[in-house]
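What follows is a short report on a single structure.
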Amino acid sequence: VQLQASGGGSVQAGDSLRVSCTASGRIFPASATGWFRQIPGKEREFVAAIPWSGSWTLYGDSVKGRSTISKDSAKKTVYLQLNNLKPEDTAVYYCALQKPRLSNRNYTGARFYDYWGQGTLVTVSS
């Protein structure tokens with residue numbers, strides 16, 4: 001599985017932006033795609049997650065209410081819509097995929113994900 005993140009850019013505070021993550025290879029419905037973000041010197045922070053079945057979504061506290069994660073199975077693409085962006089949202093955004101697991105499933109911890117994309121930079125100016 002390979003993941004390609006795209007859609008980052010420079011925006012103003014209050015703007016919206018949509019980043020995308022396109023997967024190649026075989027994806028099982030029980031797999032989950034997560035978005036994380038990272039600024040230099042800090043650990044990767046969980047942003048949102050969705051399974052390829054689309055049966056649920058999960059958001060981190062920092063973006064809850066301001067973001068929407070969705071998927072297009074035909075395009076093997078997961079989208080993260082970010083609204084009302086703030087300067088503190090500035091980070092490199094990474095998408096990651098977690099393979100199906102029978103146990104020990106955790107969608108908010110970066111170490112539980114098996115594949116990672118290269119990241120896309122989002123810069124929010126005040």
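V47 is not listed as a side-chain neighbour of Y59, based on a closest heavy-atom distance of 4.5 Å or more. Under the 4.5 Å side-chain criterion, counting only non-hydrogen atoms from C-beta, K76 is not in contact with K71. Residues L17 and V122 are in side-chain contact: their nearest non-hydrogen atoms beyond the backbone lie under 4.5 Å apart. Counting heavy atoms from C-beta on, the side chains of S16 and Q81 come closer than 4.5 Å. Using a 4.5 Å heavy-atom cutoff, the side chains of W35 and I69 are in contact. Inter-residue side-chain proximity for C21 and Q4 is flagged as unmet; no heavy-atom pair is nearer than 4.5 Å. Residues L97 and L3 form a side-chain contact, since some pair of their non-hydrogen atoms from C-beta on lies under 4.5 Å apart. Between V78 and W52 there is a side-chain heavy-atom pair separated by less than 4.5 Å.
Across all non-hydrogen atoms, the minimal contact from G119 to V92 is CA-CG1, 3.8 Å. Closest non-hydrogen pair, A13 versus S126, comes out as CB-CA, 4.2 Å. Contact detail for K75 and T77: the closest heavy-atom pair is O-OG1, 2.9 Å. Closest non-hydrogen pair, N106 versus G109, comes out as OD1-N, 2.8 Å. Taking every heavy atom of both residues into account, A48 and L80 meet most closely at CB-CD1, 4.0 Å. Of all heavy-atom pairs between L121 and A91, the closest is CD1-O, 3.5 Å.
Residues V63 and V11 fall within the same hydrophobic cluster, defined by Ile, Leu, Val, Met, Phe, Trp and Tyr side chains chained together at heavy-atom separations under 4.5 Å. Hydrophobic clustering, with ILVMFWY side chains joined whenever heavy atoms are under 4.5 angstrom apart, keeps V19 apart from L58.
The side-chain tip of R44 points at the ring of Y94 from less than 6.0 angstrom away and within 45° of straight on.
To the nearest 0.5 Å, atom CZ of residue R111 and atom CD of residue Q98 are 10.5 Å apart. Atom OG of S24 is separated from atom CD of Q2 by 4.5 Å, given to the nearest 0.5 angstrom. Here OH of Y113 is found 8.0 Å from OG1 of T33. Values are rounded to the nearest 0.5 Å.
One N or O on the side chain of Q118 and one on the backbone of A5 form a donor-acceptor pair closer than 3.5 Å. A donor-acceptor distance shorter than 3.5 angstrom exists from the side chain of T90 to the backbone of V124, with no hydrogens or angles considered.
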Q | Working for side-chain contact (heavy atoms from CB on, under 4.5 Å), residues T68 and Y79 | A | CA-CA 8 Å; T68 303; Y79 304 100; over 6 Å; no

Q) Given R101 and D114, is the side-chain contact (heavy atoms from CB on, under 4.5 Å) satisfied, shown in steps? A) CA-CA 11 Å; R101 297 168 182 247; D114 304 288; 3.7 Å; yes

**Q.** side-chain contact (heavy atoms from CB on, under 4.5 Å) evaluation trace for R66 with D89
**A.** CA-CA 11 Å; R66 299 190 294 123; D89 294 317; 2.8 Å; yes

Q | Stepwise side-chain contact (heavy atoms from CB on, under 4.5 Å) check, R37 with S62 | A | CA-CA 11 Å; R37 65 187 186 186; S62 61; 3.2 Å; yes

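F46 and F36 have their aromatic ring centers within a separation under 6.0 angstrom. Taking the centre of each ring, W56 and Y107 come in below the 6.0 Å mark.
Using a 4.0 Å cut-off between charged side-chain N and carboxylate O, D15 and K86 make no salt bridge.
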